[in-house]
Amino acid sequence: MGYVDEVLARVREKNASEAEFLQAVEEVLESLRPVIDANEAVYRKEALLERLVEPDRQFKFRVPWVDDKGQVQVNTGYRIQFNNAIGPYKGGLRLHPSVNTGIIKFLGFEQIFKNSLTGLPIGGGKGGSDFDPKGKSDREVMAFCQSFITELYKYIGADVDVPAGDIGTGAREIGYMFGQYKRLRSTYEGVLTGKGLTYGGSLARTEATGYGLLYITEELMKCHGESMEGKVIAVSGAGNVAIYAIQKAQQMGAKVVTCSDSTGWIYDPNGIDVALLQDIKEVKRARLTEYAAARPGAEYHEGRGVWEVKCDIALPCATQNELLLEDAKQLVANGCKAVCEGANMPTTIDATRYLQENGVWFIGGKASNAGGVATSALEMTQNSERLSWTFEEVDSKLKQIMINIYHNIDDAAKRYGMEGNYVAGANIAGFEKVATAMLAQGVC
Ligand code: NDP
């Protein structure tokens, strides 16, 4: 049995109940085969892969808090510090009822390679809780966040582990968490990113993941002799990533005709009205039915269906495993040219394979949504300098980072004879830097 297969077998055995984590490890190790085969003796002796798939440490803790009725509630908190070979652990905090160890581990594992791809000195980590901020009052969210940080503060710090937002963790939650950290530590430091602009946040962080997704998509199209002008785009999701992806796509002259949330989706043949969407999702925190009610010509459909719409480019920006094999077939049948992931692992492995085998240019989330964490790292830099850069300064650095990522993953794929396989290219480029750093630092 080859080294990759041996490690995969062991990972499956040890983590049998963690489906998403297994999916992420399989996807990465499968595409790293040529690199690993070329260096097998060294990697095997140093147990490099065994060390890579085992988190440095994981914390799981009780988060008790009191609701508005005076009832004590208990949630579970998680933080997984996966790998700090190239910098302090960095990765978001997901607050969603679906959160469990397997999901946090898959996200933390992916984060190692994504962070490496940014070219910035940040390691991989992830955390969160099964707490659902939806439908909770501000006071309840604050009570949860304060309790969560009362445990987590022991393990994080500006040079140790710097968490950020993710699904369910927006500016409000980061604010409450930062306040509690500051109180417990008596220290003012950039321990979290995604902070408000009045207390150390970076301009353009809110827009960064969506904008970055469009910058890399534009570069991909350009390198294939195409422009964004006039392209029809299908987007899923209606959260932070989706909203700013739609906004930047429209600034580039493309037309985005769909968006979705966890209950239904919108088809708007005239192009999504971003201001209206922002008002519904960011201000009123309401459902998409309100969008269709306010926008003539737009249709609301229950359930899923975004990928049935004819488009040139598809940008899945909602959640993991939301683009399935049947969706991939539909996209190919409709002549879709490119799929770039805004969310983390939104496309299943069989759907990814189908898209690649049928000539669709496919960039996986590790590369295409790295703009968020890259800008978080720029926020860390500004905090260390005790300076704030302008929107244009941050945005232009973000754009350059995304263009560099495209060329790095393209080059890595070509070096191993897999031209056009950007998934393999991203895994290889991300892995090479981390592996070199791990080998240089000895057995640890
Ligand atoms: P948000 O919570 O802001 O938005 C998520 C959106 O996806 C919401 O519209 C939500 O609907 C929808 N959604 C959630 N679950 C489902 C589902 N099962 N089916 C259909 N729609 C669903 O999160 P973000 O926009 O921040 O994150 C989206 C994805 O991008 C995640 O995978 C995240 O990990 C990833 N990501 C985010 C980054 C960031 O900077 N924010 C950085 C890199 C990756 P509803 O409104 O009903 O909840």
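Heads up: numbering here begins at 1 and tracks the sequence.
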May I ask you to check whether [X] and [Y] show a side-chain donor-acceptor distance below 3.5 Å?
X      : Y      : value
Lys105 : Asn15  : yes
Asp56  : Tyr89  : yes
Asn427 : Glu27  : yes
Lys397 : Thr375 : no
Gln58  : Thr101 : no
Lys114 : Asn369 : yes
Gln382 : Ser202 : yes
Glu189 : Asn383 : no
Ser376 : Arg205 : yes

Is the gap between the ring centers of Tyr43 and Phe431 under 6.0 Å?
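Tyr43 vs Phe431: aromatic centres under 6.0 Å.
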Under 6.0 Å between ring centres, would you say that holds for Phe148 and Phe131?
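Between Phe148 and Phe131, the centre distance exceeds or equals 6.0 Å.
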For Asn83, which residues count as a side chain to side chain donor-acceptor pair (under 3.5 Å) partner, sequence neighbours excluded?
none
Going by side chain to side chain donor-acceptor pair (under 3.5 Å), name the residues that satisfy it together with Glu326, two or more places apart in sequence or in a different chain.
none
Given the options Val373, Val162, Ile112, Ile86, Ile122 meets side chain to side chain contact (heavy atoms under 4.5 Å, CB included) only with Val373
Parallel, tilted or perpendicular: which one describes the rings of Tyr406 and Tyr422, with boundaries at 30° and 60°?
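Ring orientation of Tyr406 relative to Tyr422: tilted.
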Would you confirm whether Glu322, through its side chain, and Thr319, through its main-chain N or O, come within 3.5 Å as a donor-acceptor pair?
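Pair found, side chain donor or acceptor close to backbone of Thr319.
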Could you tell me which residues satisfy ring pair (Phe, Tyr, Trp, His ring centres under 6.0 Å) with Tyr155, sequence neighbours excluded, listed by chain and number?
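Per chain and number, Tyr155 pairs via ring pair (Phe, Tyr, Trp, His ring centres under 6.0 Å) with Phe59.
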Carboxylate-amine/guanidinium proximity below 4.0 Å for Arg33 and Asp5
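A salt bridge is present here (some side-chain N lies under 4.0 Å from a carboxylate O).
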Is any NZ, NE, NH1 or NH2 atom of the basic residue among Glu151 and Arg79 found under 4.0 Å from an Asp or Glu carboxylate oxygen of the other?
no
